[in-house]
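Worksheet: the structure to be examined is printed underneath.
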Amino acid sequence: KCNMAKDQIQLDWHGDENFVLIRLKQWVLTRSLKDLPVLGEVRIPAASVKKYCEEAKQKPEDLGAGSRRLHLIDPLKQQEMIELDYGTADID
């Protein structure tokens with residue numbers, strides 16, 4: 001489990017992306033972040049991102065508007081799910 005204690009993440013969104021990919025890595029002081037294994041990830045489809053943005057835009061005073069609790073899964077399982085959806089192993 002990972003609890004970010006209601007930390008907020010700001011993402012650059014240009015609108016031409018198919019999804020947003022969020023990856024979780026355990027930070028280790030003595031290692032470069034790029035060398036650390038991915039512990040979990042979640043892909044958020046573009047339609048969902050747009051929906052969440054619209055919710056937040058409609059209620060700017062409500063910090064919870066557009067917020068979601070995300071469930072991260074093992075990257076290998078995520079890739080298997082993508083292959084089932086798209087019928088290909090060449091996603092990235």
Side-chain angles (χ1 to χ4, degrees):
K1 279 188 162 182
C2 174
N3 183 346
M4 293 180 57
K6 297 187 180 182
D7 282 351
Q8 293 182 8
I9 300 173
Q10 287 191 341
L11 306 171
D12 287 331
W13 181 260
H14 301 282
D16 60 345
E17 300 88 351
N18 294 326
F19 58 85
V20 169
L21 174 64
I22 298 175
R23 289 188 166 155
L24 174 71
K25 294 184 174 190
Q26 182 177 358
W27 186 72
V28 179
L29 181 62
T30 58
R31 292 182 62 191
S32 169
L33 194 58
K34 68 179 181 178
D35 297 331
L36 297 173
V38 176
L39 303 176
E41 67 181 28
V42 61
R43 291 179 189 235
I44 307 168
S48 296
V49 173
K50 291 173 185 174
K51 176 183 171 186
Y52 306 155
C53 289
E54 189 59 36
E55 289 174 7
K57 192 170 153 182
Q58 289 178 2
K59 297 181 182 178
E61 71 287 346
D62 181 359
L63 296 179
S67 297
R68 295 297 186 277
R69 178 179 291 181
L70 304 172
H71 299 278
L72 297 137
I73 63 172
D74 180 282
L76 296 176
K77 296 260 188 246
Q78 179 82 350
Q79 186 62 33
E80 289 173 13
M81 291 169 55
I82 290 169
E83 290 172 14
L84 287 173
D85 282 345
Y86 295 100
T88 180
D90 276 340
I91 300 300
D92 297 73

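Side chains included, hydrogens not; waters and symmetry mates left out as well; all remaining heavy atoms used.
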Under a 4.5 Å side-chain heavy-atom rule over Ile, Leu, Val, Met, Phe, Trp and Tyr, are V38 and I73 clustered together?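 No.
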For a 4.5 angstrom cut-off between non-hydrogen side-chain atoms, does [X] reach [Y]?
| X | Y | result |
| --- | --- | --- |
| I44 | I22 | yes |
| R68 | K51 | yes |
| E41 | K25 | no |

What are the two closest heavy atoms between A56 and A65, and how far apart are they? CB-O, 3.5 Å
Please tabulate, one pair per line, all N/O donor-acceptor pairs under 3.5 Å involving side-chain atoms of residues 11-21, not counting sequence neighbours.
residue, atom, partner, partner atom, Å
E17, OE1, H14, N, 3.4
E17, OE1, G15, N, 2.9
E17, OE2, H14, N, 3.3

Tell me, please, which residues at least two apart from Q58 pass side chain to side chain donor-acceptor pair (under 3.5 Å). E54
Give, for atom CG of L39 and atom CZ of R23, the distance between the pair rounded to the nearest 0.5 Å. 11.5 Å
